[in-house]
Number of protein chains: 2
Amino acid sequence: MSADSRPRRGRPGHDRDQVLAVAVQLFNEQGYDATSVADVAARLGLTKSALYHHFASKQELLRLALDAALDALEEVLDRTLAEPGTASDHLRQVVRGAVDVLTARQPSVTLLLRVRGNTDVEQEALRRRRAFDQRVTALVRAAQDEGLVRADIDAAVATRLVFGMVNSLVEWYRPDGAVDPDELARDVLAVALDGLQSPR
Amino acid sequence: MSADSRPRRGRPGHDRDQVLAVAVQLFNEQGYDATSVADVAARLGLTKSALYHHFASKQELLRLALDAALDALEEVLDRTLAEPGTASDHLRQVVRGAVDVLTARQPSVTLLLRVRGNTDVEQEALRRRRAFDQRVTALVRAAQDEGLVRADIDAAVATRLVFGMVNSLVEWYRPDGAVDPDELARDVLAVALDGLQSPR
DNA sequence: GTCTATAGAATGATAGAC
DNA sequence: GTCTATCATTCTATAGAC
């Protein structure tokens, strides 16, 4: 449907999405700063100059990947809060949705979680990430007021702990691995809400 | 007592520990690869050459910091397993000890958790880290066999989720911040073992 | 759309004076 | 123990041919 999805004419070459996917994969393997444009080009089987035909700069590759991750995470929050339900219901859905995004878009989210704020592109991503965290913290606080989330832990700390657990998935989850994403989402919710101990 | 603790003679200059601490802090702020030796020297108020008088290479700074973090984490495991107790007791102590190490030695542990394996130094650190993870996973499995840890989640997944939560502390915990490390350790154990929901 | 060739800047590391 | 000066290498990005 979109202009991008129509069949390419002439010799195939590489399109932007394909180049971006390879670049993000390499950024995650070696780190963004440790990966040169020549590294990316080599893995694609072309030269630096050819790569610069597709993208204006190395930072543009980074910016596109970070925007994709942030768009997906913000959409989970927007969609959840637009539906009726208690704060506790919303919180459960946001955690579930975040796990879904992390597993479905692992490469770009991994990149996002490693950003240090060295450049304008990275600082803008950090700004959006902080805004996301604050909205989730407000949700945790509301769930505490409802009495369904324990109130003996500060809402900001509780949010960071749970999302620390969720975010850590990018360090080891792989789409082609042995762990099923649906089962994983169930496990994360189980540990986050009920804990590791056997139900008494 | 040790040779290193005797008073320095002559003009003070900088000693290795001081230089290392500044380097690790900068590595964490900007990322190891994004930080040049000139950056480290500038923050110390001296030149690159003066820094190379204290250390043979940029990688030596990295190696010393990673070894410090790994030594501390392995010591927690060794010390815990040497004591009598059930696997569930040991697991609780290891989580508690890991939080203590993360808060007390946040800079070097942060660096460890971000290593990508680009060089021999980094790969050796990853090897030790994997060995640590496997020993903890064995502990979780033993605690499941005892019946005190829920058995409906794979031991390796459960270990990664809990330590994902623990490790995420380095992203936001600061020694001079508002959160007390003892209280934080209590909160981590509470969420990890009993979950976020109010006790029913 | 891809190539060769290269500009211009920054990097890790060293030599040698003080 | 710190400095100035410098080296070889690598980096991002560009010019211009095919």
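A, B, ... follow the sequence lines: proteins, then strands. Residue 1 opens every chain. Heavy-atom basis, side chains included; hydrogens, waters and symmetry copies ignored.
- The pair B:E74-B:R128 counts as a salt bridge, with a side-chain nitrogen and a carboxylate oxygen less than 4.0 angstrom apart.
- When all heavy atoms of A:R96 and A:L189 are compared, the pair lying nearest together is CB-CD1, 4.1 Å.
- You'll find the side chain of A:Q25 stays beyond 4.5 Å of the side chain of A:P107, heavy atoms only.
- Distance, A:L51 CG to D:dC11 P: 14 Å, rounded to whole Å.
- For the pair A:H53 and C:dT2, the criterion of a side-chain N or O lying under 4.0 Å from OP1 or OP2 is not met.
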Handout entry: Summary of protein contacts for nucleotides 5-18 of chain C, nucleotide by nucleotide, where a base hit scores B, a sugar-phosphate-only hit scores S (4.0 Å, heavy atoms)
Key = B-----SBBBB---
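- Between B:R141 and B:D154 there is no salt bridge, since no side-chain N of the basic residue sits under 4.0 Å from a carboxylate O of the acidic one.
- In this structure, B:T47 reaches the D:dC3 phosphate: one of its side-chain N or O atoms is under 4.0 Å from OP1 or OP2.
- Remark: B:R130 does not engage B:D133 in a salt bridge, criterion side-chain N to carboxylate O under 4.0 Å.
- Atom-to-atom, CG of A:L61 to P of D:dC11 comes out at 16 Å; the value is rounded to the nearest Å.
- Closest approach of B:R186 to A:D152, counting heavy atoms only: NH2-O, 3.6 Å.
- Straight-line distance from the CZ atom of A:R16 to the C1' atom of C:dG1: 15 Å, rounded to whole Å.
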